[in-house]
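Read the structure below first, then the notes.
As the structure lists them, so they are numbered: ligands from 1, and atoms in each ligand from 1. Model, not experiment: these values are computed from the prediction. When reading the values below, keep in mind they use all heavy atoms of this one structure, side chains included, and skip hydrogens, waters and symmetry mates. Numbering of residues begins at 1 and proceeds along the displayed sequence.
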Amino acid sequence: MSTDIIEVLPKIAAQDAVAELAIFGGTPAFDKKLYVGRPNIGSRERLLERINDLLDRRWLSNRGPYVDEFEQRIAEMAGTKHCIAMCNATVALEITIRAAELAGEVIVPSFTFVATAHALKWQEITPVFCDIDPATHNIDPDRVEAMITPRTTGIIGVHVWGRPCDVEALTTIARRRGLKLLFDAAHAFGCSYKGHMIGSFGDAEVFSFHATKFLNAFEGGAVTTNDDELAARIRLMKNFGFLGYDNVIYIGTNGKMSEVSAAMGLTGLESLEEFIVANRRNYEQYRRELADIPGVHLATYDETEKCNYQYVVLEIDEGVTQVSRDHLVEVLHAENVLARRYFYPGCHQMEPYRSYFPHAGLLLPETERLTGRVMSLPTGTAVGRDEVHRVCQIIRLVVAHGPDVSARLSMAVATREPAFEPAGILVEE
Ligand SMILES: Cc1ncc(COP(=O)(O)O)c(C=O)c1O
């Protein structure tokens, strides 16, 4: 064991460092839980000013001035003609899918948050799961064509971790095969592809401003598009189909963003650079401190593009570490480091998809492999240098004693509850 570890975790003596881990009865390294996606708040004063203002105005929803301003700001930043703010990204996806007239089958990655698939299935459209490129974790365009059938009407790419899909290749396929192309850009606000901001690609893109996202509106989402007709349909649909006071011209639903959400979004936008600086600082530190740990690979970002650095993602090569991703996550949870197994176990392993396509995994070897080895670590403005350092030291310790940790956890498996709660129960998303 290195002297560095002894220095940082003084509670751990060299000879019984592993035994002193919290999972084996030691004291947790952190008194308070460290979360993935703890909300960035921005200026509380500015937020409260805006809330007072909207209360004074008594304009709480129905496209008030803050929603208008938020939409303008997002459209400017994404470089698009239109932005339609919504109550969340799931409803924004559902409405966009409907407005773009998708039907039958739509090709999506299984390696995504389940909302991407649910937004289709909710409308009786079949999500056809496509495998990913292991280098990018994004939908693999080389595999998309093989999934196209006469029933296919569209493709939804997901910019996982904010790393853009191969937009060019997907655009070429969509044009050649006459398919609609949408992007789930829930992770990718503030990111660019080939020098252009995410938001302007395909027929439309959808952002999430959920509390756990690096820019949040408490709950929120937005669609950006350059297509005038599509934008007009989405606007109608998210407001029950109303055109004017009494005139309903379309089937619609309620996808409106509230003024208080827009107030939060606008406040966050004012601190956006600060959020990115904190995320990037944490990411760089994780990168430095984890670089020499064998079998632990940090997902990297293209330094030539804009990026929000909101996810610190590790792949654990168990053949090298001799300790599984799940065991590492369990150890971290016991230390109060709530690392997450995103996107575990993949949409195709969740209901109702698991029952519809029990053998989908056979077509998704890279997705199956990745969902068994990927995890994300706490970052954001609530996480500082000391915390990152200590998290890295725990990972270093566990990997340095991989076989020992595995053996102890496997031996104990019959008698103990897992230290981490199943995905989905733990945090909202
Ligand atoms: C890839 C992806 N798509 C869609 C969503 C849904 O976003 P929302 O919570 O705003 O509905 C999320 C949320 O975590 C996500 O990660």
Side-chain angles (χ1 to χ4, degrees), residues 35-40 70 74 83-97 106-123 127 129-130 132 136-139 155-165 182-191 198-199 201-202 204-224 234 238 253-258 261-262 264-265 268 299 308 310-313 340-348 350 353 367 370-371 374-376 379-380 423-429:
Y35 293 95
V36 172
R38 189 123 192 260
N40 294 323
F70 187 63
I74 301 296
C83 168
I84 303 105
M86 301 241 193
C87 53
N88 60 54
T90 306
V91 168
L93 277 166
E94 286 168 9
I95 291 176
T96 308
I97 286 163
V106 171
I107 297 169
V108 285
S110 170
F111 191 71
T112 178
F113 185 61
V114 73
T116 324
H118 279 355
L120 291 162
K121 193 64 202 157
W122 194 253
Q123 313 187 67
F129 296 121
C130 180
I132 48 164
T136 63
H137 302 179
N138 284 327
I139 192 166
I155 304 167
I156 303 181
V158 182
H159 305 300
V160 174
W161 319 132
R163 300 196 296 189
C165 293
L182 305 179
F183 289 101
D184 177 338
H187 294 189
F189 185 67
C191 302
I198 298 286
F201 299 108
E205 304 210 53
V206 174
F207 294 113
S208 170
F209 303 118
H210 180 256
T212 54
K213 297 296 183 288
F214 106 106
L215 174 70
N216 83 82
F218 299 121
E219 290 268 4
V223 185
T224 51
I234 292 170
K238 70 114 202 222
T253 183
N254 183 355
K256 298 188 301 297
M257 176 180 269
S258 71
S261 281
M264 183 62 164
N308 59 38
Q310 73 176 311
Y311 294 100
V312 174
V313 177
R340 300 286 312 276
R341 303 185 290 178
Y342 278 32
F343 293 107
Y344 178 82
C347 294
H348 69 289
M350 295 177 172
Y353 315 107
T367 304
L370 189 65
T371 53
V374 81
M375 60 189 272
S376 77
T379 186
I425 295 175
L426 183 62
V427 194
E428 295 115 296
E429 284 158 22

### Task
List the steps, then state whether side-chain contact (heavy atoms from CB on, under 4.5 Å) holds for F129 with F111.
CA-CA 9 Å; F129 296 121; F111 191 71; over 6 Å; no
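- Only the side chain of A186 comes within 4.0 Å of ligand 1, counting heavy atoms alone; its backbone N, CA, C and O stay farther away.
- Counting heavy atoms from C-beta on, the side chains of V223 and F207 never come closer than 4.5 Å.
- Listed here is the closest heavy atom pair of E219 and S261: O-OG, 3.2 Å.
- For atom 14 (O) of ligand 1, the choice among K213, H159, E219 with the nearest heavy atom turns out to be K213.
- Partners of R38 according to the side chain to side chain contact (heavy atoms under 4.5 Å, CB included) rule, which considers only residues two or more places apart in sequence or in another chain, are Y35, A382.
- Among residues two or more places apart in sequence or in another chain, the ring-ring contact (aromatic ring centres under 6.0 Å, His included) test is passed with F201 by Y193.
- Ligand-side atoms of ligand 1 in range of T112: 1 (C), range being under 4.0 angstrom from any heavy atom.
- The N/O atoms of D184, backbone and side chain alike, include one that comes under 3.5 Å of an N/O atom in ligand 1.
- The shortest N or O to N or O distance between S208 and ligand 1 is below 3.5 Å.
- Residue G220 approaches ligand 1 through these ligand atoms, each under 4.0 Å from one of its heavy atoms: 10 (O).
- H159 places a side-chain N or O within donor-acceptor distance of the main-chain N or O of C165, the cut-off being under 3.5 Å.
- With a 4.0 Å cut-off on non-hydrogen atoms, T90 touches ligand 1 through its backbone as well as its side chain.
- Remark: ligand 1 and A89 share an N or O pair separated by less than 3.5 Å (distance only, no angle test).
- Not close to ligand 1: A119, with no non-hydrogen atom less than 4.0 angstrom away.
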#### Entry: Derivation and outcome, ring pair (Phe, Tyr, Trp, His ring centres under 6.0 Å), residues F343 and H137
CA-CA 11 Å; F343 293 107; H137 302 179; 9.8 Å; no
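- For ligand 1 and H210, the ligand atoms under 4.0 Å from any heavy atom of the residue are 9 (O), 10 (O).
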